[in-house]
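We count residues from 1, following the sequence as given. Both counts, for ligands and for their atoms, begin at 1 and track the order of listing. Below, all heavy atoms of this structure are taken into account, side chains as well, without hydrogens, waters or symmetry copies.
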Amino acid sequence: ATVLAACMFGSASAAELVVGFSQIGSESGWRAAETTVTKEQAKKRGVDLKFADAQQKQENQIKAIRSFIAQGVNAIFLAPVVETGWDAVLKEAKESEIPVILLDRTIKAPEDLYLTAVTSDQVHEGKVAGDWLVKTVGDKACNIVELQGTTGSSPAIARKKGFEEAIAGKANFKIVRSQTGDFTRTKGKEVMESFLKAENGGKDICALYAHNDDMAVGGIQAIKEAGLKPGKDILVVSIDAVPDIFKAMAAGEANATVELTPNMAGPAFDVLDAYLKDKKGPPKWIQTESKLYTPADDPMKVYESKKNLGY
Ligand code: GYE
């Protein structure tokens, strides 16, 4: 009777927006925070969020997108694990007139296949990290080992590019080892162990550059187990600004991190609302900020402040 009355008198609440979110996985503290914030944002805005965790496999993300299309969702959020291989499934979403918004990573695909990408400037992040190292080390010889993010992902490609721009033309800086640690602590530690063994027990390594803090934290563990002092014998610079990197900084074991917010969903929902109202396409890139933190920034105070940012 209530529903009938509501329909008769038109007081039925506006149909709830249904958004399908294909999330990469929970490979890092940053990604887990992004998931938390996205669910909080959906709840706050009265959006029905259909969540799918792909365990870092692209085929699972493609399956999830197809399922969202079959469910007839109003929009899809996609954090694309790698840059390529999305054209076919995004064409299917376009044919079903379901807008797709990319979160925190970009893809190589015709721009008409997605509404916009909400991401940080990942080349800039790598450059900020490299510039910090150059300023800190000066003209001393510095052999660098690099833990890359997930192979083929936009942050891994971009953060490598930006860092190399910062050390370009500086003969005393050299990346002597570079390998993916897949953005995880476990793999980061494992690969750093192999770097240490290959570089005279780590004595020849001046700095570790990790594309995210989780791999840096794994690397710090490996450096300590090799009997060296992370943050002193081997400088540690990374990206994300997750709470645990500030604990490492407070302990003198990490030296710098570049922050990006895990709240990509807030801007994404705002753009989606505007688009559904006026069907005007937003800019293809909604850029979020990056900020350098070092031990001079009261790390434990920053650590505490991260508690209400989804961490
Ligand atoms: O830096 C890392 C996560 O795509 C920007 O993915 C994101 C990256 C982030 O695994 O922690």
Novice: If you define the side chain from C-beta out and look only at heavy atoms, does anything of I223 sit under 4.5 Å from I205?
Specialist: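 No, every pair of side-chain atoms sits at 4.5 Å or beyond.
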Novice: With distance as the sole test, does T180 use its side chain to make a donor-acceptor pair with the main-chain N or O of G149 at under 3.5 Å?
Specialist: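 Judged by distance alone, yes, a pair lies under 3.5 Å.
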Novice: Give the atoms of ligand 1, by number and element, whose distance to some non-hydrogen atom of Q122 is under 4.0 Å.
Specialist: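 Those of ligand 1 that fall under 4.0 Å from Q122 are 5 (C).
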Novice: Give the atoms of ligand 1, by number and element, whose distance to some non-hydrogen atom of S28 is under 4.0 Å.
Specialist: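 By the 4.0 Å cutoff, the relevant atoms are 2 (C), 3 (C), 10 (O), 11 (O).
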Novice: Using a 4.0 Å heavy-atom cut-off, say whether L260 meets ligand 1 through its side chain, its backbone, both or neither.
Specialist: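 Looking at L260 and ligand 1, just side chain atoms fall under 4.0 Å.
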Novice: Kindly assign one of parallel, tilted or perpendicular to the pair F21 and F51, based on the angle between their ring planes and the thresholds 30° and 60°.
Specialist: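 Aromatic pair F21/F51 classed perpendicular.
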Novice: Is the closest heavy-atom distance from D104 to ligand 1 below 4.0 Å?
Specialist: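 The answer is yes: ligand 1 sits under 4.0 Å from a heavy atom of D104.
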Novice: Considering only the protein, which heavy-atom contact is closest to atom 5 (C) of ligand 1, and what is its distance?
Specialist: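 Protein heavy atom at minimum distance: R159 NH2, 3.5 Å.
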Novice: Picking from N255, V137, V258, what satisfies side-chain contact (heavy atoms from CB on, under 4.5 Å) with W132?
Specialist: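 Among the candidates, only N255 passes.
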Novice: Taking the six-membered ring of Y114 as reference, does the cationic atom of K284 (NZ for Lys, CZ for Arg) lie under 6.0 Å from its centre and within 45° of its axis?
Specialist: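 Flagged: K284 positioned over aromatic ring of Y114.
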Novice: I'd like to check which ligand 1 atoms, numbered from 1 as shown, lie under 4.0 Å from a non-hydrogen atom of P155.
Specialist: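 Under 4.0 Å from P155, ligand 1 has these atoms: 4 (O).
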Novice: Check the pair E304, K301 against salt bridge (charged side-chain N to carboxylate O under 4.0 Å, His left out), reporting the backbone distance first and the verdict last.
Specialist: CA-CA 5 Å; E304 288 305 325; K301 189 156 153 275; over 6 Å; no
Novice: For atom 10 (O) of ligand 1, what's the nearest protein heavy atom and its distance?
Specialist: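 The closest heavy atom on the protein side is E27 OE2, 2.5 Å.
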Novice: What atoms in ligand 1 come closer than 4.0 Å to a heavy atom of W30?
Specialist: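 Numbered from 1, ligand 1 contributes 7 (C), 11 (O).
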Novice: Is the shortest N/O to N/O distance between R31 and ligand 1 below 3.5 Å?
Specialist: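 By distance alone, the answer is yes.
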Novice: Quick test: of every protein heavy atom, which one is nearest to atom 11 (O) of ligand 1, and how far off is it to 0.1 Å?
Specialist: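 Atom 11 (O) of ligand 1 sits closest to the protein heavy atom D240 OD2, 2.6 Å.
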Novice: Is K291 positioned over the aromatic face of Y293, cation under 6.0 angstrom from the ring centre and no more than 45 degrees off axis?
Specialist: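 So K291 does make the cation-pi contact.
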Novice: Just going by heavy-atom distances, which of E34, M215, R105 is nearest to atom 6 (O) of ligand 1?
Specialist: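 Looking at heavy atoms only, the winner is R105.
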Novice: Output yes when E34 and R31 qualify as a salt bridge under the 4.0 Å nitrogen-oxygen rule, no when they do not.
Specialist: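 Answer for the salt bridge query: yes.
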